[in-house]
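For reference, positions follow the sequence shown, starting with 1.
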Amino acid sequence: MTRSDLSPAERFAASKTRTKTPQLQSFRSRLSFALDPFQIAACASVEDGNSVLVAAPTGAGKTLVAEFAIHLAMQHPRDKVFYTAPMKALSNQKFQELVAEYGASEVGLLTGDTNVNSRARIVVMTTEVLRNMLYADSDMLDDLRYVVLDEVHYLADRFRGAVWEEVIIHLPLDVRLISLSATVSNAEEFGDWLQTVRGGTDVIVSEDRPVPLDQHVLVGGKFLDLFDSSGQAATNRVNPELLRATSLSRSGGRRGPGPRRGPRGHVVAPVQQGQGRIERWKIVEMLDDQNLLPAIFFVFSRVGCDQAVAQVLRSGIRLTTAEQRREIREIVEARCRTLRDEDLAVLGYWKWLDGLERGVAAHHAGLLPAFKEVVEELFQKKLVKVVFATETLALGINMPARSVVLEKLEKFNGEARVPITPGEYTQLTGRAGRRGIDVEGHSVIQWQQGLDPQAVASLASRRTYPMNSSFRPTYNMAVNLIEQFGRSRTREVLETSFAQFQADRAVVDLARKVRTQQESLDGYARSMECHLGDFGEYTTLRRELGDLEKQGAARADAQSRSEHDRRQRRIGELRKRMRQHPCHACPEREQHARWSERWYKLKKQTDQLSAQIRSRTGAVAKVFDRVTDVLLERGYLVPRASTGSSGRPSNTDEVDVAPAGRTLRRIYGERDLLVAESLRLGLWNMLDVPSMAAMAATLVYEPRRDEGTLSERFLPRGAFREALDKTQLLWAELDDVEQEHRLPGSNPPAPGLALAMHRWARGAALDSVLDDADLAAGDFVRWTKQTIDLLDQLSVVADLPVGPTARQALDAVRRGIVAYSAV
């Protein structure tokens, strides 16, 4: 639309917007494309000094709002931006993009096992790294202006979601949040919570996909639209032709298209509609014929992805030109040059490279991270045309395709095969359609016996993807918050969580008011401090004297002589004590007294609000109290001793963090208390370097459901076995304590990876270690990096001899494919 197409009112509104948002106009002038209305609204709100929650479909351009916040920060010489992402792969990808935009000197990366230029003004990090900074009160938080929470709907993740809430609650209130979310059905509720706990938050929701999605069902070799596109039917009505075709297919049907030649030139038999599924290479050919590549096939198992690649390659298919194959090989060799030759064969490098050169690859967590990164790069460069992936690919990595193929609409959730949810369907199909490249995206559902077109249409047309809190207090969280706020205030802080907001919205409003008033109380207390003595104590005398004098005047006619005499004696005593108090001689006494009176009145209001909170549901605080009781029982917290009378009476419910608790403050993970107790009791003092690596692996590893109990011959020999027995007994003891306190407990240590990690730390070859572990290379690297993270924590918090041993163990396992980093 040109300026001449606008009405006078629209031109006036546009001119007003330009005047109010000069930075946005400057930012837009650098772009080669027009912004969508939701992007303009979000950026204008950020420039106006607000936080924003932006909920929009995958590929809609949410990250542009984050880029604008970075642009704003860079206009001021000291302002900093933290960009958080839920996965290291996303962090690495965003780091590379920002380095290309702002230069290596301005951008840093912190992902636990990677530390690059951490003092830069723009730092990309995982959310856990930021949470740890907040608890440590890191000086890196100085001058922090914006925090981007990318993929903030991860807050619903039951394992890691609490970290997002901790960050949102504890970030300084002057830091603006840029929260980016997939389309969720309760964005307004989440936005209301953000407004409640942080103030000044605008919610911008867009339901519009930037590239329209055409949805198809593949039946008997033919792509049929899922919905009726005649224009005469109601919205989301199932295509009548699809209903007829699936009905025919269920009853045996008629024959499909005539014979045709396959990729190797052999004749392919015609597909009968009643024959069911079509071979994958055939679907790839059909997509290629209709110019629907590149495509992502979502297969809900790693084995299925690898098998799919093998099936397609066996057909002889080739989707690349000679020039593209040459470019692919150059990129692969450059990215993998640091991998040892003997490891390449173990990793199936040559078979993997052959697939890449033919335009086909798998993408799942079992792949070596280096291999996954190469697949992502080649797909983005349009060199790889077909990727068979698990659903983890849908979680934010920048790999949009022209088409998405869903082979099934159910997946194994660890216990049973369950239908995918409407939210998952939306996430998966959100990859279809490349903005600025495709006119429309295409989703293809492969029809199979038992699939109901009406049910598929219902799944595809619903957008129910609620975000529910998974927040629960942990031992580490408890000691950190108690050290920072004390027990009573920690309860109030926890009452501001999204979990509590969803349980009882009124509590959060009250808790935020208490938190704000407590900050004022702290300020009043500082203003009433007197260099001559305890002004709170002096105020107590003064207040009691005033109350007695008022009572005496009010009841002058109603009191007996004895009451009058007692009151007068008490008044005399108080006046004498006041005159003798050191603060009575202070030249600023009345100024202190005014602050003291303000403190007293506000404290009374705050106590009343706190009482209201305690009378509410208190769902999160109850769990916190149980966690606190366990920590008191084990000696990580100690009751606070009474300090006598003062202006602020001591709270017998208060506790202090014991020395052991200060160690626990710096231990993060599912088994934080078990680790801290093991250190305190010296259970690992006798471990050597390989055994320390094996023990750390035992504490982070989560076994597969089909893994049975290991016999001793599959465990490292020597001191490890004794240490493991003691650690397992300690876990059982802690589990009993947690059961007594009605806490869910943690899973027992899992030594399934111990022997492999022990041998890896001793320098064993990759092939033998992977055999011992019975793991894919990608899984081994993932668990080893988690082992490294725990060893790093131990090297910092543990005393001799464990600390130095943990540092040596870390160095011993960080080698070979584990040490590889694309950054």
Side-chain angles (χ1 to χ4, degrees), residues 88 112-113 159-160 302-303 343 346-347 364-369 414 667-672 674-675 678 683-684 687-731 746-795 802 805-820:
K88 292 177 182 178
D113 58 357
F159 297 109
R160 300 173 57 211
R302 302 175 186 183
V303 173
D343 290 343
V346 178
L347 297 168
H364 54 71
L367 281 179
L368 188 69
I667 298 172
Y668 300 93
E670 189 72 17
R671 299 184 178 95
D672 48 5
L674 177 61
V675 172
S678 298
L683 302 189
W684 305 334
L687 295 179
D688 59 12
V689 168
S691 297
M692 183 64 71
M695 181 59 69
T698 298
L699 294 167
V700 300
Y701 180 59
E702 295 172 14
R704 298 186 297 267
R705 290 178 180 273
D706 57 353
E707 281 188 29
T709 304
L710 287 176
S711 69
E712 285 208 351
R713 68 190 183 90
F714 292 109
L715 294 174
R717 297 181 182 278
F720 174 82
R721 295 188 183 183
E722 181 184 351
L724 177 63
D725 288 342
K726 291 179 178 179
T727 305
Q728 289 174 326
L729 284 172
L730 175 61
W731 171 84
S746 63
N747 292 321
L753 191 58
L755 182 60
M757 193 62 65
H758 190 275
R759 296 190 64 233
W760 180 252
R762 290 172 55 199
L766 177 64
D767 56 348
S768 64
V769 169
L770 292 181
D771 284 342
D772 284 341
D774 190 24
L775 288 176
D779 290 321
F780 178 71
V781 169
R782 178 163 56 91
W783 290 121
T784 305
K785 288 196 171 184
Q786 291 190 37
T787 300
I788 287 171
D789 185 53
L790 178 54
L791 289 169
D792 189 37
Q793 293 179 44
L794 293 177
S795 72
V802 173
T805 306
R807 173 55 57 184
Q808 293 173 55
L810 185 158
D811 293 335
V813 298
R814 187 187 275 160
R815 65 179 182 87
I817 63 171
V818 177
Y820 175 88

May I have the list of side-chain donor-acceptor pairs in residues 810-818 shorter than 3.5 Å, sequence neighbours left out?
{"from": "Arg815", "atom 1": "NE", "to": "Trp760", "atom 2": "O", "distance (Å)": "3.1"}
{"from": "Arg815", "atom 1": "NH2", "to": "Trp760", "atom 2": "O", "distance (Å)": "2.9"}
{"from": "Arg815", "atom 1": "NH2", "to": "Ala764", "atom 2": "O", "distance (Å)": "2.7"}

request  = Apply side chain to side chain contact (heavy atoms under 4.5 Å, CB included) to the pair Phe780 and Leu753, showing each step before the final yes or no.
outcome  = CA-CA 9 Å; Phe780 178 71; Leu753 191 58; 4.3 Å; yes
Any donor-acceptor N/O pair, Arg807 side chain to Val802 backbone, under 3.5 Å = no
message = Applying salt bridge (Lys or Arg N to Asp or Glu O under 4.0 Å) as the test, list every pair that has at least one member in residues 751-773; sequence neighbours left out.
response = Arg759-Asp772
ask   = Mind checking whether Phe720 and Thr698 have side chains closer than 4.5 Å, heavy atoms only?
value = yes
query = Under the 3.5 angstrom rule, does the side chain of Arg721 hit a backbone N or O of Leu715 as a donor-acceptor pair?
reply = yes
ask   = Is the side chain of Glu670 donor-acceptor paired with the backbone N or O of Ser746 at a distance under 3.5 Å, no angle test?
value = no
inquiry  = Just verifying a value: how many Å separate Arg717 CZ and Leu755 CG, rounded to the nearest 0.5 Å?
reply    = 9.5 Å
request  = Report the distance from atom CZ of Arg782 to atom OH of Tyr701, rounding to the nearest 0.5 Å.
outcome  = 9.5 Å
ask   = Is there a side chain to side chain contact (heavy atoms under 4.5 Å, CB included) between Lys726 and Trp731 once you walk through the steps?
value = CA-CA 9 Å; Lys726 291 179 178 179; Trp731 171 84; over 6 Å; no
ask   = Under 4.5 Å between any side-chain heavy atoms of Thr805 and Asp688, yes or no?
value = no
message = Determine whether Thr727 and Trp684 satisfy the following criterion, side chain to side chain donor-acceptor pair (under 3.5 Å), listing intermediate values before the conclusion.
response = CA-CA 9 Å; Thr727 305; Trp684 305 334; 3.0 Å; yes
ask   = If you measure from CG on Leu683 to CG on Asp725, what distance do you get to the nearest 0.5 Å?
value = 11.0 Å
key: Close side-chain approach of Leu791 and Met692, heavy atoms under 4.5 Å   = yes
